[in-house]
> 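Would you mind keeping the following structure in view while I ask a few things?
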Amino acid sequence: MRIQRNDYLNKLIGKEKNGLIKVITGVRRCGKSFLLFNLFHEYLISNGVTESHIIEIALDDRSNKGLRDPDKMLEYVKGRIKDDQTYYVILDEVQLLDEFEDVLNSFLHIQNADVYVSGSNSKFLSSDVITEFRGRGDEIRVHPLSFREYTSACAESVDEAWDDYFTYGGLPLILSMRTPADKAEYLQTLFQKVYISDIVDRYKIRNKDELDELLSILSSAVGSLINPSKLARTFKSVKNKTISDKTLSAYIGYLIDAFLISKSVRFDIKGKKYIGSPAKYYFEDVGLRNARLNFRQMEENHIMENILYNELCIRGYRVDVGGVEYYASNGDGMRTKRQLEVDFVATRGSQKYYVQSAFSINDPNKARQEERPLLSIGDSFKKIIVIRENIKPRRSEDGILTIGIYNFLLDLDSLNL
């Protein structure tokens, strides 16, 4: 099944020949290779670039093992360049290339080479690598399919597509599988034999059971505030295992580096400062999260919140957990300071939006509960409540927009309605 990833393709096109190394990142199997070797390749051919001027190397292909040697790679690429026209050098899974930092910097000295590389972990974008690039790397982050992309590639009704999407997620290969059993097996196998094996091998983890247990806890606690110290106490009291918060912090970092999870930190809205621990963790793909729990704990409200978080990230926003203080009367004339939570503070440049994820607000008390944090903020940035019900967008007298999840996810301009 062919899926057009036009948003990412247009980003690549916009960065063509900009003198920087285009670094395409994202979790394994999210579609980076297809973007480079199919969609971008076809774009180049359609714009007059000949096949001889496109140098494509998949470093995870056994037949290219020899090119993981940095000197052989340089020799091969330079040997392919025969004239002064632009050559497009496209390397997939570049982290498998030894001393890749030096190789990429060497490519920068080839005047007519336009370089694109992909990788499946953020270690090759660490501070050391960025220093090696000397500010000449340009990252494009690719995510699993958004709900909008997913629905564009399937023939189901939007309700049926939603049921599949919040159960099995948006890894592109899911769309080519026909049965729920095939989808579940694919996700569970991928999680265990690819993602976990990658992390265990890369970081030389000796106790894989601890990492497995941490993943199960994080999967169960999507949308909940978590800190490593609390996790360490949980391991001790519930699992009867002693593991330090330092080790747990390291494990969480490994999961983030593999793009399996993302961290959303707390932000004091009125104080305009970050609060720090605890934080919330969301899965890059809800299908992987569900597979980790063997498709138990399928609470649609929590999964919807994760999908909404991912959508905001896909649209290029930094997404934090908002905290806002307000004073409430306790009935005896005294006022008590309380802390309210805004699910998401989405920021991109000068743009800022406050977004609540609410499964339903049909009950007046529930509606007031969701509105209270937004009304307590006191600034003029847009405030939005996204609900599961498929409704037309409506705005309250206080200016709060309420919108159904389908409309929010399918309309790229939904934040500005």
Side-chain angles (χ1 to χ4, degrees), residues 27 121-123 126-127 191-192 195-196 198-200 202-286 288-290 292-294 296-297 299 301-303 305-306 308-310 312-313 318-326 336-345 347 356-357 373:
V27 68
N121 71 84
S122 65
K123 282 300 179 186
S126 67
S127 58
F191 208 123
Q192 197 63 38
Y195 299 133
I196 302 305
D198 268 359
I199 294 170
V200 169
R202 184 177 301 131
Y203 299 106
K204 313 299 181 188
I205 295 175
R206 289 175 292 180
N207 194 334
K208 178 176 171 291
D209 289 344
E210 293 177 346
L211 181 64
D212 280 335
E213 197 63 53
L214 173 62
L215 271 166
S216 295
I217 293 172
L218 292 175
S219 300
S220 298
V222 163
S224 300
L225 290 168
I226 293 175
N227 65 53
S229 297
K230 182 179 179 181
L231 283 174
R233 291 193 294 271
T234 299
F235 269 84
K236 181 66 176 177
S237 62
V238 179
K239 305 299 178 182
N240 199 27
K241 293 182 178 180
T242 300
I243 179 171
S244 70
D245 54 354
K246 182 178 180 181
T247 298
L248 289 169
S249 293
Y251 285 174
I252 289 172
Y254 301 159
L255 297 172
I256 292 173
D257 283 337
F259 299 113
L260 274 176
I261 64 172
S262 296
K263 180 180 181 180
S264 186
V265 298
R266 297 168 70 209
F267 180 74
D268 179 354
I269 295 173
K270 290 187 175 180
K272 294 181 173 57
K273 62 182 179 181
Y274 286 99
I275 302 171
S277 186
K280 290 187 177 184
Y281 297 91
Y282 295 96
F283 274 75
E284 176 74 355
D285 181 77
V286 295
L288 290 172
R289 177 264 179 193
N290 297 337
R292 180 64 205 174
L293 295 173
N294 200 24
R296 297 187 293 267
Q297 295 182 243
E299 306 96 334
N301 55 332
H302 296 309
I303 297 172
E305 182 179 331
N306 199 141
L308 187 53
Y309 171 86
N310 289 344
L312 292 169
C313 292
R318 177 188 173 92
V319 187
D320 301 313
V321 180
V324 58
E325 291 182 346
Y326 86 110
T336 304
K337 184 167 67 174
R338 297 182 183 177
Q339 182 81 17
L340 297 173
E341 182 178 290
V342 177
D343 288 329
F344 304 122
V345 181
T347 308
Q356 292 285 69
S357 177

> To the nearest 0.5 Å, tell me how far Tyr281 OH sits from Ile217 CD1.
13.0 Å

> Is any side-chain heavy atom of Asp268 closer than 4.5 Å to a side-chain heavy atom of Lys270?
yes

> Mind listing the closest non-hydrogen atom pair of Arg266 and Ser277 along with its distance?
NH1-O, 4.0 Å

> Ignoring hydrogens, what is the shortest heavy-atom contact between Ala232 and Leu248? Give both atom names and the distance.
N-CD1, 3.4 Å

> CZ of Phe344 to CG of Asp320: how many Å apart, nearest 0.5 Å?
11.0 Å

> Between atom CG of Leu255 and atom CG of Leu215, what is the distance when rounded to the nearest 0.5 Å?
5.0 Å

> Please tell me if the side chains of Glu284 and Leu260 come closer than 4.5 Å, counting only heavy atoms from C-beta onward.
no

> So do the side chains of Gln356 and Pro373 get within less than 4.5 Å of each other, counting heavy atoms only?
yes

> Got a second to check how far Asp245's CG is from Asn227's CG, nearest 0.5 Å?
8.5 Å

> Does the Ser249 side chain pair with the main chain of Pro228, one donor and one acceptor, at a distance under 3.5 Å?
no

> Could you pull out all residues at least two apart from Ala221 that satisfy side chain to side chain contact (heavy atoms under 4.5 Å, CB included)?
Ser224, Ile226

> Please report the closest heavy-atom contact between Ile269 and Gly322, naming both atoms and the distance.
CD1-CA, 4.0 Å

> Parallel, tilted or perpendicular: which fits the ring planes of Tyr282 and Tyr309, with parallel below 30° and perpendicular above 60°?
parallel

> Which heavy-atom pair separates Ala279 from Lys263 by the least distance, and what is that distance?
CB-CE, 3.7 Å

> Nearest 0.5 Å, please: how far is OH in Tyr254 from CD1 in Ile199?
10.0 Å

> Kindly indicate whether the side chain of Glu305, heavy atoms from C-beta on, has any atom under 4.5 Å from the side chain of Val222.
no

> Are Phe235 and Leu214 close enough that some pair of their side-chain heavy atoms sits under 4.5 Å apart?
yes

> Checking the side chain of Arg292 only, and the main-chain atoms of Asp212 only, is there a donor and an acceptor separated by less than 3.5 Å?
yes

> Search all heavy atoms of Gln339 against all heavy atoms of Val324 and return the closest pair with its distance.
NE2-N, 3.4 Å

> To the nearest 0.5 Å, what is the distance between CZ on Arg233 and CD1 on Ile243?
14.5 Å

> Any non-hydrogen side-chain atom of Ile303 less than 4.5 Å from a side-chain atom of Arg289?
yes

> Check whether any side-chain N or O of Asn306 sits under 3.5 Å from a backbone N or O of Gly223 as a donor-acceptor pair, and report yes or no.
no

> Quick check: closest heavy atoms across Ser357 and Asp343, and the distance to 0.1 Å?
N-OD2, 2.8 Å

> Do Val27 and Tyr195 make a side-chain contact, defined as non-hydrogen atoms from C-beta onward lying under 4.5 Å apart?
yes

> Give a yes or no on whether the backbone of Arg296 and the side-chain of Asn294 come within a donor-acceptor separation of less than 3.5 Å.
no

